[in-house]
Student: 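Sending over a structure as structure tokens; questions will come in a sec.
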Amino acid sequence: MDTARSGIASVKELECRIDSCRLELNALDEVWPNIYIGNMVTAHNKEELCQRGITHILNTAHNAWGSKGNQAFYGPEFSYYGIAAEDSVDFDLSAYFHPASEYIHQALRAPKGKILVHCILGKSRSPALVLAYLMICQNLSLADGLEALLQHRAISPNRGFLKQLQDLDLELRYKRTRCQLL
């Protein structure tokens, strides 16, 4: 499907919007109610996570160099889910869009649920999966989800992830249109 005719922003347009963001990259930001994106250093600071009321951790850089993340590290105070994603344009992150979205959704439904989604810097992998959640569970378009995140955090999903999110946007729009016609 042609993205220009579908009303979906091109990858280049998305990258231009990302590049226009003037926010500083912080260690941790609340980007949606009770959803935080952060970096690995913050994710390893269990005291700060407890102070912020974080109950769930989604580590998108599981098993990456320097990442201590696993359930044993976090203990019973947190629920942990790890995804061994690479920040590479060739990595198929789309395989994790639905499982990660389900985990985020479950975290938010838990009593006092707050989730930290992180990778190494909190710029590419983790925002890409939060965008997938916003598209799948909150029915936002990719462009609207991107705008929502850029209001709170400097992000920069790699070009491959943006293309996969664009494909998800097309798929979700098709399904919604099809359901409306039935």
Side-chain angles (χ1 to χ4, degrees), residues 8 11 14 28-40 42-44 49 54-146 148-149 153 155-176 178-179:
I8 293 180
V11 170
L14 295 169
L28 183 70
D29 293 297
E30 185 175 20
V31 296
W32 191 260
N34 298 321
I35 299 177
Y36 294 78
I37 295 177
N39 63 27
M40 182 176 63
T42 301
H44 291 168
L49 298 177
I54 302 293
T55 58
H56 292 71
I57 309 291
L58 171 53
N59 178 358
T60 65
H62 182 76
N63 288 337
W65 178 85
S67 180
K68 298 177 188 175
N70 60 38
Q71 190 63 58
F73 172 78
Y74 285 104
E77 296 88 10
F78 303 95
S79 174
Y80 177 85
Y81 180 50
I83 295 173
E86 297 173 20
D87 189 10
S88 162
V89 296
D90 297 322
F91 185 82
D92 184 10
L93 191 64
S94 68
Y96 299 101
F97 288 169
H98 288 279
S101 295
E102 181 59 31
Y103 183 75
I104 294 169
H105 187 66
Q106 288 176 1
L108 297 177
R109 290 177 45 206
K112 298 183 181 180
K114 290 185 179 182
I115 185 166
L116 167 63
V117 183
H118 81 90
C119 48
I120 303 298
L121 297 176
K123 279 179 61 170
S124 185
R125 289 169 277 202
S126 48
L129 288 177
V130 171
L131 283 166
Y133 164 79
L134 293 176
M135 295 163 62
I136 292 167
C137 296
Q138 299 296 327
N139 295 318
L140 269 72
S141 69
L142 174 55
D144 291 344
L146 185 64
L149 292 189
R153 184 171 183 82
I155 63 169
S156 186
N158 74 49
R159 181 172 265 269
F161 295 167
L162 288 174
K163 176 64 177 121
Q164 292 168 45
L165 288 164
Q166 186 183 58
D167 291 344
L168 176 65
D169 201 6
L170 285 166
E171 174 190 326
L172 293 171
R173 283 185 188 209
Y174 174 76
K175 285 181 181 177
R176 285 186 202 114
R178 195 164 165 245
C179 287

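A quick note: this is a predicted structure, and the numbers were derived from the prediction, not measured.
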Student: How many angstroms lie between atom CD of Glu86 and atom CG of Asn63, to the nearest 0.5 angstrom?
Tutor: 11.5 Å
Student: Give the minimum heavy-atom separation between Leu93 and Ala128, together with the two atoms involved.
Tutor: CD2-CB, 3.6 Å
Student: Can any side-chain N or O of Arg153 pair as donor or acceptor with the backbone N or O of Gly122 at less than 3.5 Å?
Tutor: yes
Student: Please list all pairs meeting side-chain hydrogen bond (donor to acceptor under 3.5 Å, both in side chains) that have one or both residues in residues 71-80, counting only residues at least two apart or in different chains.
Tutor: Asn59-Tyr80, His62-Tyr80, Ser79-Tyr103
Student: How close do Pro33 and Leu108 get, heavy atom to heavy atom, and via which atoms?
Tutor: O-CD2, 4.0 Å
Student: State, yes or no, whether a side-chain contact exists between Val130 and Leu58 at a heavy-atom distance under 4.5 Å.
Tutor: no
Student: Do you know the tightest heavy-atom contact between Leu116 and Gly38?
Tutor: CD1-N, 3.5 Å
Student: Are any non-hydrogen side-chain atoms of Ile57 and Tyr81 less than 4.5 angstrom apart?
Tutor: no
Student: Any donor-acceptor pair under 3.5 Å linking the side chain of Gln164 with the backbone of Phe91?
Tutor: yes
Student: Minimum heavy-atom separation for Lys163 and Asp167, please, with both atom names.
Tutor: NZ-OD1, 2.7 Å
Student: Can you see which heavy atom on Cys119 is nearest to which on Thr60, and at what distance?
Tutor: CB-OG1, 3.1 Å
Student: Taking Glu102 for its side chain and Gln106 for its backbone only, find out whether a donor-acceptor pair lies under 3.5 Å.
Tutor: no
Student: Tell me, do Leu149 and Leu134 make a side-chain contact under 4.5 Å, heavy atoms counted?
Tutor: yes
Student: Is the closest side-chain heavy-atom distance between Trp32 and Ile104 below 4.5 Å?
Tutor: no
Student: Calculate, to the nearest 0.5 Å, the distance between atoms CD and CG belonging to Gln138 and Asp144 respectively.
Tutor: 12.5 Å
Student: Would you say the side chain of Thr42 lies within less than 4.5 Å of the side chain of Tyr36, judging by non-hydrogen atoms?
Tutor: no
Student: Ile136 and Phe97: which non-hydrogen atoms are nearest, and at how many Å?
Tutor: CD1-O, 3.8 Å
Student: Within a strict 4.5 Å, meaning less than it, do heavy atoms of the Leu131 and Pro157 side chains meet?
Tutor: yes
Student: Enter the distance from Met40:CE to Leu121:CG here, rounded to the nearest 0.5 Å.
Tutor: 8.5 Å
Student: Sub-3.5 Å donor-acceptor pair from the side chain of Asp29 to the main-chain atoms of Val31, do we have one?
Tutor: no
Student: Would you mind listing every side-chain hydrogen bond (donor to acceptor under 3.5 Å, both in side chains) that reaches into residues 107-126, with sequence neighbours excluded?
Tutor: Asp87-Ser124
Student: Checking Leu146 against Leu140 for the side chain to side chain contact (heavy atoms under 4.5 Å, CB included) test, could you report, in this order, the C-alpha distance in whole Å, the side-chain angles of both residues, the deciding distance, and whether it holds?
Tutor: CA-CA 9 Å; Leu146 185 64; Leu140 269 72; over 6 Å; no
Student: Would you please test Leu142 and Leu168 for side chain to side chain contact (heavy atoms under 4.5 Å, CB included) and show each step?
Tutor: CA-CA 8 Å; Leu142 174 55; Leu168 176 65; over 6 Å; no
Student: Flag the pair Leu129 / Phe161 as yes when at least one side-chain heavy-atom distance between them is below 4.5 Å, and no otherwise.
Tutor: no
Student: Ser101 vs Met135, test: side chain to side chain contact (heavy atoms under 4.5 Å, CB included). Steps then yes/no.
Tutor: CA-CA 9 Å; Ser101 295; Met135 295 163 62; over 6 Å; no
